[in-house]
Amino acid sequence: MRIMIIGSGGREHVIAWKLSKSPEVEKIYCAPGNGGIAQIAECVPIDVMDFDSQVAFARENHIDMTIVAMDDPLVGGAVDAFEAAGLTAFGPRANAAILEGSKAFSKDLMKKYHIPTAEYENFTDAQAALEYVKTCRLPVVLKADGLALGKGVLICNTREEALDGVKTIMMDRKFGEAGSCMVAEEFLTGREVSVLAFVDGATVKVMSSAQDHKRALDGDQGLNTGGMGTFSPSPFYTEEIDEVCRRTIYQPTVDAMRAEGRPFKGVLFFGLMLTADGPKVLEYNARFGDPEAQVILPRMKNDLVEVCRACIDGTLDQIDLQFEDNAAVCVVLASEGYPVCYEKGFLIEGLERAAAREADGYYVFHAGTKKTDEGIVTNGGRVLGVTAKGATLKEARAKAYEAAEWITFANKYMRHDIGKAIDEA
Ligand code: AMP
Ligand code: GLY
């Protein structure tokens, strides 16, 4: 089988790595890919939003399946473009990826189908939003409706912050067009957990849970980022909670989308808050998480190609999805200054050492790297996802931090408390 992946980060690297383990896969392409992906796939310089070129490339190169791994092309209709050309693509169509593309849509869907989530109001008029936040309960959470790289969420503790927040999102359009509509919602407290599931339009198969660390600095301080590290599974996501989520959130969401004429096929990511009133949905994503995929896929026993095909064919009920009974931790090595501004182009050393230890459960997934004549250099804010598996979360954490020290580059920055909550559990 010949497969193409659309995307260029650590998530796409771990997807390519997992596909490379399938006996069915003979060749992997990635558009556009990165320095690490290039070691296992042929990277082709096609933009993630250039669907015409992707489709033409897939035709010319006899690609059997294209995995659209990123939010922007999914929301923009990449899967629809492949299907219109008679080609096979994995991921939701645009009319289902809207679960991630519009927070207002997803909130209204949850309300209509009684799926537990924070109380909210949607606004398209800035004046009405300003009036609302003058009297609403605090803290209030303000969210730009559309895609904003995970950064369009403001938690406002004071009246002044809330008024400023409306201005930032709706008037100054700091997150661009994503802010033409805004959701204001109740602030929830509890443990956050990410649960990803394969979905074939009707059947849901839940993967092992994970937890992200979104803030830039230790102790959950600093700015929101794309994710500074993850661990899997989450010790807080118990079997009882899983049972409640399946009954009140996962299956109801998939059934709701089908009832709305928007069947969801692909990976559905539930961002959950485990509150005192039970689990509630914070957000949906229409794809694997990054860096959640880095701790989930290395623990998955199944052949990823088979599972993706079952999602596309509507035969997911026949798949017995299985995970190893162990744990994984991913520590993101970033460029100092991320997520605001940072320098790129520094040589990365020590990558071979982790690569040689894959059999012992060490992996390095590249996020922002580039292959040059001198070697692999840094090429983004998040540079590498250093990942390790262990019998326990504690062991996986110790191994991931051990491997993080093997790798050096100028301006290397990481959090030191990824998975620390585990020790406190
Ligand atoms: P989202 O992109 O909607 O997941 O929001 C990004 C982050 O903001 C989440 O991971 C939470 O940490 C936080 N957040 C979002 N919504 C709420 C809420 N209603 N209450 C508390 N925190 C929230
Ligand atoms: N790590 C969060 C996300 O992928 O959206």
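Ligands are counted one by one from 1 in listed order, and the atoms in each one are counted from 1 as well. Just so you know, these numbers come straight off a predicted model, no measurement behind them.
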Trainee: Based purely on interatomic distance, does Asp212 place a nitrogen or oxygen under 3.5 Å from a nitrogen or oxygen of ligand 2?
Mentor: yes

Trainee: Is the shortest heavy-atom distance from the side chain of Met70 to the side chain of Glu12 under 4.5 Å?
Mentor: yes

Trainee: Report, in ascending order of atom number, the atoms of ligand 1 lying under 4.0 Å from any heavy atom of Lys214.
Mentor: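 By the 4.0 Å cutoff, the relevant atoms are 10 (O).
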
Trainee: Report yes if some heavy atom in the side chain of Lys103 is under 4.5 Å from a heavy atom in the side chain of Phe105; otherwise report no.
Mentor: no

Trainee: Are any non-hydrogen side-chain atoms of Gln211 and Phe231 less than 4.5 angstrom apart?
Mentor: yes

Trainee: When you check the gap from the basic side-chain N to the acidic O, do Lys107 and Asp145 get nearer than 4.0 Å?
Mentor: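 Salt bridge absent between Lys107 and Asp145.
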
Trainee: May I ask you to list the atoms of ligand 2 that are less than 4.0 angstrom from any heavy atom of Gly289?
Mentor: 4 (O)

Trainee: Carefully, step by step, assess Asp242 and Arg246 under the rule salt bridge (Lys or Arg N to Asp or Glu O under 4.0 Å).
Mentor: CA-CA 6 Å; Asp242 181 63; Arg246 283 170 196 264; 2.7 Å; yes

Trainee: By number and element, which atoms of ligand 2 are closer than 4.0 Å to a non-hydrogen atom of Glu292?
Mentor: 1 (N), 2 (C), 4 (O)

Trainee: Quick one: does Gly226 get a heavy atom under 4.0 Å from ligand 2?
Mentor: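 Yes.
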
Trainee: With a 4.0 Å heavy-atom cut-off (strictly under), which part of Glu186 contacts ligand 1: side chain, backbone, both or neither?
Mentor: backbone

Trainee: With heavy atoms under 4.0 Å as the rule, classify the contact between Leu282 and ligand 1 as side chain, backbone, both or neither.
Mentor: both

Trainee: Heavy-atom distances under 4.0 Å are what count here, so tell me which part of Thr230 touches ligand 2: side chain, backbone, both or neither.
Mentor: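 For Thr230, no heavy atom sits under 4.0 Å from ligand 2.
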
Trainee: List ligand 1 atoms under 4.0 Å from Lys103, heavy atoms only on the residue side.
Mentor: 1 (P), 2 (O), 3 (O)

Trainee: When only distance counts, is Asp290 in polar contact with ligand 2, meaning an N/O pair under 3.5 Å?
Mentor: yes

Trainee: Tell me the contacting part of Arg287 for ligand 2: side chain, backbone, both, or neither, using a 4.0 Å heavy-atom threshold, strictly below.
Mentor: side chain

Trainee: Counting heavy atoms only, which part of Val141 comes closer than 4.0 Å to ligand 1: side chain, backbone, both or neither?
Mentor: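 Just the side chain.
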
Trainee: Does Arg11 qualify as a cation-pi partner of Phe288, given the criterion of NZ or CZ under 6.0 Å from the six-membered ring centre and within 45 degrees of its axis?
Mentor: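 Relative to the ring axis of Phe288, which defines the angle, Arg11 lies outside at least one limit.
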
Trainee: If you count the atoms of ligand 2 from 1 in the order shown, which ones are under 4.0 Å from a heavy atom of Asn285?
Mentor: 5 (O)

